[in-house]
Student: 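Take a look at this one; I'll ask things after.
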Amino acid sequence: MPDFSNMAIAAAFDELGDLYELDGAVVHRVLAYRNAARSIREAPVSVAELARQGRITELPGVGRTIEEKTLALLETGTIPAAEKLRARFPAGLIEMTRLPGLGPKRARMLYDELGIDSLDELREAAQAQRLRTVRGLGPKFERNVLDALEAGLGEAPAPRVLLPRALGLGEQIRDALRAHPAAVRVELAGGVRRLSDSVKDLDVVAAAEDPGALAAALAEVDVIESASSAGPNAARGRTHNGMAVDLRVVEPGQFGNLWQHFTGSARHNVALRELAVRRGLHVSEYGILDDATGETLRCADEAAVYERLGMAWIPPELREDRGELQAAAEGRLPQRLVELEDLRGDLHMHTTASDGRNSIEQMAQAALARGYEYVAITDHSATHGFGNHVTADQLRAQIEAVREVNARIDGIEVLIGTETNILPDGSPDYDDDLLAELDWVVGSVHTAFGMGEAEMTARLVAACEHPWIDCIGHPTGRKIEQRPPYALNVDRLVEAAARTGTMIEINSAPDRRDLNDVHARAARDAGVRIVVSSDAHGAGTLPNVRWGIATARRAWLTREDVANTLPWAQFAPLRKRACRG
DNA sequence: GCCGTTTTCGGCCCGACTGTTTTCAGTCG
């Protein structure tokens, strides 16, 4: 039996949580399954292997019961409890709970009392006004169900928006509101502030002397198609391209509480509040209530919120309940996360020699203008598969061309490299002799994505063991919101990279950000040198490193953890080829 | 179901809105 990926194991426990919820289990038991699922999904190591080694309970939120169920899943391909519950609750019930206002309790009532177990039956029953015969449901509920079905909700969850687009929209809204006379302060919160891979909506928070006036102003913002009041000091709207926007406004004295609350993540906030309760404090968006005095502390800034809870202010990128609260309480947060300005070079970019839009010279000049001290030109190799391949002879010519540009342009080291395809057997696309002539070699997978996990892992481990591959590019092949990573045991790759001195890239293309935050953190912890690269296909996308830096920050990386923050003289000897004596 | 510098049992965040109620359950973020 092929091994279960972390994603697959996590999905099994999410489903089990849904099923237990329909079964009427206490909410904390359901949450326990969802917690475990999240923990498994995010684990930087193979959870199947962990389980076989008897170590799965090392994951937070995984105890004896979930260990047993995981082992059953690995051995038999299914979890017995899930089988039993599936027999009792048709899959359509879980689908029904995707509709707004229709949760597990109501889905269960509709099933028990009216036998409804699909969206189609739900629609028919609503049209026939039969839903109102269930106690607690009325005509409004029927109307809402029909509207939601009409709007196509329930078909599929709304797509999430990649960070750059969401951030761009958010900044426009923020800036427009800042121009309003009532505004004292306007900031982005939520996933865009945490620089997540993608977000489902935009959260904007503000302070104003007259909160209601500013909340009402959301409807006037250019990018907003429509907005309506959502309480006295709040508004909810939608952009012209369909993104949901939530605005909350308070008086300046409690802005810190509001910003902290709406920045999240939900997990971070839950963990923060649980910790607070143990100290007799209750945290909400309005303040911190002290049991002992009955007083509520309101904070104008976020640092005061964290300070009252006995911890340092936590950078938003770290607020994912991944150990940041304990670190903040113990003074163990990273002193200073890596910043865009720390980068001194970019080691992955393309030119017209393959599928880029600009020449070597144009890329070099653009890099110089960004203040870089070095760049590597890394065009695709011969089996790239998109027709823009660089043959060995063409690469030899490219070596000369890059050397010529390098000799001509002052102030920047222009290096000749390649992004060689890693063939299915793990070998690169050019002969060793040719690779040895280059300054820098990135090895990436661009073909044969469908291999099994064992083969794909062996392929990338072999690439790490190759003497002339300096760095692995976009190691998991994921495209955010588009395609999952190929089957790969990332911890094996990280192990091999650490052992061989192969660097690993955080590819900054906004739909890649690969390695992701969790894996990049694990790679750093394993002693792997991380490189943040643009993978630019034109001068205009060199600034994409911003998104790679965002991922590096979410991975807790400091300047010291990112190799291309070093000047070339210090970076060059770290390359595998330079270590070969 | 998980978890523990107050606990191996008894807890497990906080607030708001909605629609249906006659005091509140369910849902959502």
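Throughout, protein chains are lettered first and strands after them, A, B, ... in sequence-line order, and every chain is numbered starting at 1. All values derive from a computational prediction rather than experimental measurement.
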Student: Give one of base, sugar-phosphate or nothing for A:H282, where a contact means two heavy atoms less than 4.0 Å apart.
Tutor: sugar-phosphate
Student: Within the 4.0 Å heavy-atom criterion, would you say A:D246 contacts the bases, only the backbone, or no part of the nucleic acid?
Tutor: nothing
Student: For residues 131-140 of chain A, which residues have at least one heavy atom under 4.0 Å from DNA chain B?
Tutor: A:G136, A:L137, A:G138, A:P139, A:K140
Student: Determine, step by step, whether A:E302 and A:R193 satisfy the salt bridge (Lys or Arg N to Asp or Glu O under 4.0 Å) criterion, reporting the C-alpha distance in whole Å, the side-chain angles of both residues, the deciding distance to 0.1 Å, and the verdict.
Tutor: CA-CA 14 Å; A:E302 268 191 336; A:R193 184 173 181 225; 2.8 Å; yes
Student: With heavy atoms under 4.0 Å as the rule, sort A:V277 into base, sugar-phosphate or nothing.
Tutor: sugar-phosphate
Student: Distance check needed: B:dC2 C1' versus A:R34 CZ, whole Å only.
Tutor: 16 Å
Student: How is A:V283 classified with respect to the nucleic acid when contacts are heavy atoms under 4.0 Å: base, sugar-phosphate, or nothing?
Tutor: sugar-phosphate
Student: Over all strands shown, is A:Y33 touching base, sugar-phosphate only, or nothing at heavy-atom distances under 4.0 angstrom?
Tutor: sugar-phosphate
Student: In this structure, how many angstroms lie between the P atom of B:dC13 and the CZ atom of A:R273, rounded?
Tutor: 10 Å
Student: Using only heavy-atom distances, determine whether the side chains of A:N489 and A:E49 contain a donor-acceptor pair under 3.5 Å.
Tutor: yes
Student: According to the Watson-Crick and G-U wobble definitions, with both distances under 3.5 Å, which nucleotide is paired to B:dC28?
Tutor: B:dG15
Student: If you check every side-chain atom of A:K105, which of B:dC17, B:dG26, B:dG19 has the closest atom?
Tutor: B:dG26
Student: Name the closest nucleotide to the A:R236 side chain, picking from B:dG29, B:dC2, B:dC14.
Tutor: B:dG29
Student: For nucleotides B:dG4 and B:dA16, find the distance between their P atoms and express it as a whole number of Å.
Tutor: 31 Å
Student: In terms of the nearest nucleotide of DNA chain B, which residue is placed more toward the 5' end: A:V62 or A:R248?
Tutor: A:V62
Student: Would you please confirm or rule out a distance under 4.0 Å between OP1 or OP2 of B:dC2 and any side-chain N or O of A:T65?
Tutor: yes
Student: Distance between the C1' atoms of B:dT23 and B:dG19, in whole angstroms?
Tutor: 14 Å
Student: Side chains of A:D514 and A:T476: any donor to acceptor distance under 3.5 Å?
Tutor: yes
Student: B:dG1, B:dG29, B:dG15: which one has an atom nearest the side-chain heavy atoms of A:Y286?
Tutor: B:dG15
Student: Expressed as a whole number of Å, how far does the C1' atom of B:dT20 sit from that of B:dG26?
Tutor: 11 Å
Student: Taking the same atom, P, in B:dC9 and in B:dC14, what whole-Å distance lies between them?
Tutor: 26 Å
Student: Rounded to whole angstroms, how far apart are CD on A:Q260 and P on B:dC13?
Tutor: 16 Å
Student: P atom, B:dT22 versus B:dC17: distance in rounded Å?
Tutor: 22 Å
Student: In whole angstrom, give me the gap between the P atoms of B:dT7 and B:dC12.
Tutor: 16 Å
Student: Quantified in whole Å, what is the C1' atom distance between nucleotide B:dC28 and nucleotide B:dC13?
Tutor: 14 Å
Student: Using whole Å, what does the distance between atom P of nucleotide B:dC2 and atom CG of A:L16 come to?
Tutor: 11 Å
Student: Contact class for A:R106 vs. all strands (heavy atom < 4.0 Å): base, sugar-phosphate, or nothing?
Tutor: sugar-phosphate
Student: Any carboxylate oxygen within less than 4.0 angstrom of a Lys/Arg side-chain nitrogen, looking at A:R267 and A:D321?
Tutor: no
Student: Select one nucleotide: of B:dC2, B:dG29, B:dC12, the one nearest the side-chain heavy atoms of A:A32.
Tutor: B:dC2
Student: Students often get this wrong, so: under 4.0 angstrom with heavy atoms, is A:L99 touching a base, only sugar-phosphate, or nothing?
Tutor: sugar-phosphate
Student: Check every strand shown and say whether A:L272 touches a base, only sugar-phosphate, or nothing at a heavy-atom separation below 4.0 Å.
Tutor: nothing
Student: Measure the distance from CG on A:L258 to P on B:dG29 and round it to the nearest whole Å.
Tutor: 17 Å
Student: Verify whether one side chain among A:N269 and A:R319 offers a donor that lies under 3.5 Å from an acceptor in the other.
Tutor: no
Student: Does a salt bridge link A:R86 with A:E15, judged by any charged N lying under 4.0 Å from a carboxylate O?
Tutor: yes
Student: In terms of the angle between their ring planes, are A:F89 and A:Y111 parallel, tilted or perpendicular, with boundaries placed at 30° and 60°?
Tutor: perpendicular
Student: Check this for me, if you would: do A:D14 and A:R41 make a salt bridge, where the nitrogen-to-carboxylate-oxygen distance has to be below 4.0 angstrom?
Tutor: yes
Student: At under 4.0 Å between heavy atoms, what does A:G231 touch on the DNA or RNA strands: base, sugar-phosphate, or nothing?
Tutor: sugar-phosphate
Student: Starting at the 5' end of DNA chain B and moving along, which residue's nearest nucleotide shows up first, A:G103 or A:K69?
Tutor: A:K69
Student: Assess, by modelled atom type and distance only, whether the side chains of A:S226 and A:R238 contain a donor and an acceptor separated by less than 3.5 Å.
Tutor: no
Student: Starting from P on B:dC14, measure out to CG on A:L31 and report it in whole angstrom.
Tutor: 15 Å
Student: Whole angstrom is fine here: how far is it from CG in A:N269 over to P in B:dA16?
Tutor: 15 Å
Student: Nearest whole angstrom, please: distance from the P of B:dC13 to the CD1 of A:I288.
Tutor: 17 Å
Student: Would you say a side-chain N or O of A:N144 is under 4.0 Å from OP1 or OP2 of B:dG19?
Tutor: yes
Student: Of all the nucleotides listed (B:dG1, B:dC12, B:dG26), which has the minimum atom distance to the side chain of A:E274?
Tutor: B:dC12
Student: Compute whether any side-chain donor of one residue and acceptor of the other, for A:H268 and A:E324, lie under 3.5 angstrom apart.
Tutor: yes
